[in-house]
Amino acid sequence: MRVLKKEISEFFQAPFADDTISLRNIHSKNAVILKLKGNGEQRFEILRCERVSCWSFAQRALRHIFIEGNTLAGFTGFEEIQIEEEAGHVYAFGKPLYEASVVIVRGSGRLNSLKSFYELLWNCCGFSTKMPRSLLMGDSFNETLDRRDALLVLSSKSEAKVKDLLEKGVRVALHVENERELDIFYRSGVRSFILSDFKNEYRERYADCFFILQEGDVASAIGKVDGLIVDIKEFSLEEIVLAGLVNRLLPLYVSAEGVDSKLLDVLGFGAIGWRRCTNPVFTRIEQKRYGIYEISYVSETNVPGRVRIDVSKDSVEWFFEQSEISLKKQTLEREDGRYFHFYREGVS
Amino acid sequence: MLELRYNPLTDEWIIVSAETQRRPVQPSQQSCPICVGGVELPEEYDLISFENRFPALKRNPPDVLSESDIFLKKRSFGICEVVVYTSRHDVALPGMPLRQIEKLVEMWVDRTVELFTYDFVEYVFIFENRGKEVGASLSHPHGQIYAFPFLPRRILAKVEGFSKWRDQKGSCPVCDVVAEEVRLKKRIVFETDSFVSLVPFYARFPFEVHVYPKRHVTSLPELTTLERAELAKHLKIITLKYDGLYGQEFPYMMMFFQAPMKRLDAELFHLHIEFNPPKRDKDKIKWMASVETGTWAFINPMVPEQAAEMLRRVEVSEL
C-alpha cells in the first residue's frame with residue numbers, strides 16, 4: 001500500500017514533509033496521522049493498493065477505508081474522491097479540503113485497526129470524544145422495561161396513543177422535528193427520539209434519553225448519539241460487512257424495508273420496528289479469499305451457523321447446524337424479583 | 001452494602017458485597033436449598049440457573065456516591081447466577097450421565113448468549129468451586145456464573161497476552177500451543193478430534209489441566225454441535241481422572257475463559273477451560289499463599305510432565 005506516493009513504512013521512519021502540500025504528521029503508538037491543508041484545487045493520488053489483497057470501503061457514511069494485511073489507511077476531509085482500478089491496483093484520488101486527514105494504523109487484526117482508526121479520528125481529527133450513553137445504563141435504567149424489547153417507532157404522534165403504549169411498558173421512539181416537540185414528548189414520558197439535527201446540549205437537558213440520528217456519517221455520530229439510521233440500500237455487501245464491524249461501536253438502525261432480515265440479524269443491525277437484535281451472537285468475520293467473506297454467528301436459538309457472502313457473484317450462502325440436544329427454557333420471576341431459568345429437554 | 005471500589009494501585013475494581021457473608025455453608029441434604037423442595041427450588045426441575053439470593057453483583061444495585069476524587073465508587077451492576085447441574089444431590093460432574101453434561105453445556109451456551117445481551121455486562125465468567133478446600137458452600141452439584149460490568153484483571157491479562165502474541169508471531173498462542181502439544185504428546189491427558197486436555201507447560205497448580213478446542217473459537221456459542229458434545233466428554237473424563245487419582249473426591253476450581261465479546265479484539269481470544277485443583281498430594285494442599293496472592297507468581301511443586309503422566313495412567317471406563 002502506498003499513501004501520497006510513498007510506502008507506508010516511510011511515514012513511520014522519520015517526520016515527513018512535502019513541498020507540494022502543507023502537511024503535519026502526528027505519531028501515535030502504532031499510527032501516523034497526516035494532516036493536509038489543501039486549497040481545494042490540487043487533485044492528487046491519495047492512496048494506491050493491490051486490489052487482490054485489499055479490503056476497501058468507500059461508502060460516504062463509513063469514510064474511505066482501505067485495509068491491506070496489518071495496515072489500515074483511512075481518510076477524511078477530501079473532495080471529489082475518485083476510486084479507480086487499473087492493472088490490479090486500486091487508486092484513490094481527491095482534493096484535500098481545508099483540514100483533510102489521512103490516518104494510517106498498523107496493528108493486529110482488522111478489528112483492532114478499525115477501532116484505532118475511529119479513536120484517532122475522535123482524538124486527533126476534531127471528532128467528539130464522548131462515548132454514546134445508553135438509555136439502559138447507570139442511573140437512567142428503567143427497571144420496568146425489558147431491555148430486549150423492540151424499540152417501537154411511532155409514525156403517529158397522538159398523545160393518547162403514546163401514553164397508552166408507555167403505560168404498557170413499550171419502548172416508544174418518536175421522530176421529532178425540533179426541540180420544542182422533543183420537550184413536549186419528553187414531558188409525556190418518551191425517552192427515545194429520532195432526530196435529524198442533534199445538539200450536544202441535549203445530553204445535559206435530557207440526560208436519560210436515547211437519541212438516534214436520522215442521517216449522518218458513522219464517524220461523526222459515533223461520539224455523540226446512541227444510534228444511527230442508515231439506508232441499507234446504499235450499501236454494497238462489502239460495506240455491510242464493515243458496517244457489521246462498526247456496529248460494535250454504535251448501533252445502526254436500518255431504514256429500508258424488504259432487505260434480507262437474516263443477513264441483518266447476522267450482522268447485528270438494530271432494525272426499527274422489529275425486534276432489535278443486540279448481538280453477542282455475531283462472532284466473527286473472515287475474508288476466506290478475495291471477494292468471499294464468511295460470517296460466523298449463533299442464531300437466537302443458539303444454533304451455530306455461518307453465512308458466506310460472495311461479493312463477486314453477489315450471492316449469499318447459509319450453513320445451519322441443528323443442535324442434537326434441544327433445551328426448552330422457561331423463565332420465572334420470583335416475588336423478590338430474581339429470575340429463575342428452568343431448562344429441560346424439548347423443543348422451545 | 002453492595003458497591004464497586006476502585007484501587008488505583010492496581011487499576012482494578014473491588015466488589016464489596018456484605019450480602020455474600022450471609023450465604024449458607026455446607027448444609028445437609030435435608031436442608032439443601034437447591035434440592036427439589038428446598039427453599040430456593042420448591043418445584044421439580046432438571047437443570048436450572050437462577051440469580052443468587054446473596055449476590056456480589058445485581059441487575060438493580062443500590063445507588064452509591066464516591067467519597068472523593070481519590071476514593072471512587074461505582075454501582076455494582078451485574079448478575080450472579082447459581083447453575084444447578086441436576087436435581088440429584090448425591091452426584092457430581094464426574095458421576096453425572098454424559099447426556100446430562102451435554103445438556104449442561106447447552107445451558108451454559110444459552111446463559112452466555114443471554115447474559116451478554118445486558119448492556120452493563122462486559123464479561124461472562126462460568127465457574128465451579130468443588131469441595132470445601134476451595135470454598136464451595138453447597139455440596140449439591142452446582143456451579144456459578146458471574147456477569148461482570150468490567151473486565152477482571154486476569155481476563156485483561158489474557159486479552160493482552162493474545163494481542164501481544166499476535167503482534168509478535170501473527171498467530172494465536174492457544175492454536176500454537178495445541179499444535180505443539182499434539183505433536184509432542186507428553187503433557188496430553190486426553191485427546192479427541194476437536195479438543196485436547198493437557199497439563200500445560202506453564203501449569204501453576206500441581207494437577208492443573210487445561211481443555212483447549214483445537215479449532216480457533218472464541219466462546220462457547222461458537223462451538224458446533226459435535227464440539228459441544230466432545231467438550232462434555234472431556235469434562236467428564238478429566239473430573240473422573242481427578243477422583244481416581246487418589247481415590248477421593250478431588251476438589252477443584254473449574255473456570256471457563258471466553259472472549260470478552262463486546263470488545264473489538266474479541267476475535268483474538270481462544271476459548272479454554274482451566275481446572276485449578278488445590279491438592280498437591282493425597283492429603284496436602286497447595287495453598288494460594290503470600291507469593292501467589294501478593295505477586296501472582298506461582299511456585300509449582302509438581303513437574304507438569306509428571307502430573308500429566310499420573311493423570312494419563314488413571315483409567316476411567318464410565319461414560
Side-chain angles (χ1 to χ4, degrees), chain A residues 30 70 107-116 118 134-139 141 143 147-148 245 248-249 277-286 296-305 321-334 336-345, chain B residues 40-41 43 45-53 55 59-60 63 75 77 79 81 99 102-107 109-121 124 162-167 170 216-219 221-229 259 261-268:
Chain A
N30 295 313
N70 286 334
S108 56
R110 287 185 298 275
L111 291 172
N112 276 338
S113 299
L114 192 66
K115 188 184 176 196
S116 300
Y118 279 109
S134 166
L135 170 71
L136 303 168
M137 287 292 284
D139 299 335
F141 176 46
E143 297 295 339
R147 64 188 61 250
R148 286 155 287 168
L245 306 182
R248 293 192 178 196
L249 302 174
C277 187
T278 49
N279 201 2
V281 292
F282 152 61
T283 50
R284 196 182 329 169
I285 288 181
E286 282 179 289
S296 306
Y297 69 98
V298 186
S299 76
E300 292 194 25
T301 52
N302 292 325
V303 178
E321 265 193 88
Q322 191 54 52
S323 174
E324 193 193 324
I325 289 182
S326 181
L327 292 184
K328 187 177 180 181
K329 178 166 75 172
Q330 186 189 9
T331 299
L332 298 179
E333 186 179 357
R334 296 281 202 237
D336 60 6
R338 287 183 297 148
Y339 288 130
F340 282 61
H341 311 282
F342 292 81
Y343 292 82
R344 60 181 69 246
E345 277 192 83
Chain B
E40 293 288 15
L41 299 167
E43 57 274 268
Y45 67 88
D46 185 13
L47 302 101
I48 183 167
S49 190
F50 63 93
E51 289 178 79
N52 200 318
R53 186 184 288 265
R59 272 184 295 122
N60 49 354
D63 287 330
R75 295 174 76 188
F77 276 106
I79 296 171
E81 292 190 353
R99 180 80 177 173
E102 289 173 4
K103 285 191 276 180
L104 177 61
V105 172
E106 289 296 328
M107 181 165 77
V109 168
D110 191 68
R111 299 314 308 141
T112 301
V113 170
E114 183 177 329
L115 290 169
F116 263 117
T117 63
Y118 284 89
D119 286 358
F120 55 74
V121 170
V124 174
F162 278 100
S163 181
K164 186 176 171 187
W165 191 275
R166 169 64 80 94
D167 284 345
H216 185 90
V217 292
T218 64
S219 55
E222 265 186 71
L223 294 174
T224 64
T225 308
L226 285 175
E227 287 168 339
R228 292 177 191 185
M261 289 199 270
K262 291 180 181 173
R263 285 174 61 107
L264 285 166
D265 54 3
E267 67 173 15
L268 300 183

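Reminder, nothing fancy here: chain letters follow the sequence lines and each chain counts from 1.
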Here the pair of heavy atoms bringing A:Leu332 nearest to B:Glu43 is CD1-OE1, 4.0 Å
Heavy-atom closest pair, residues A:Leu327 and B:Met107: CD1-N, 3.8 Å
Okay, B:Glu40 and chain A: the region with an atom under 4.5 Å from a heavy atom over there is both
Would you mind checking which part of B:Leu41 comes under 4.5 Å of any heavy atom in chain A, side chain (CB onward), backbone (N, CA, C, O), both or neither? both
Hey, are the side chains of A:Ile325 and B:Arg228 touching, using non-hydrogen atoms and a 4.5 Å cut-off? no
So B:Phe50 and A:Arg334, do their side chains get closer than 4.5 Å, heavy atoms only? no
Look up atom CD in A:Glu345 and atom CG in B:Leu47, then write down how far apart they are to the nearest 0.5 Å. 9.0 Å
Of the non-hydrogen atoms in A:Arg338 and B:Arg59, which two are nearest, and what is the gap between them? CA-NH2, 4.3 Å
Side chain to side chain contact (heavy atoms under 4.5 Å, CB included) assessment of B:Lys103 paired with A:Tyr343: CA-CA 9 Å; B:Lys103 285 191 276 180; A:Tyr343 292 82; over 6 Å; no
Please step through side chain to side chain contact (heavy atoms under 4.5 Å, CB included) for the pair B:Glu51 and A:Glu333, ending with a clear verdict. CA-CA 10 Å; B:Glu51 289 178 79; A:Glu333 186 179 357; over 6 Å; no
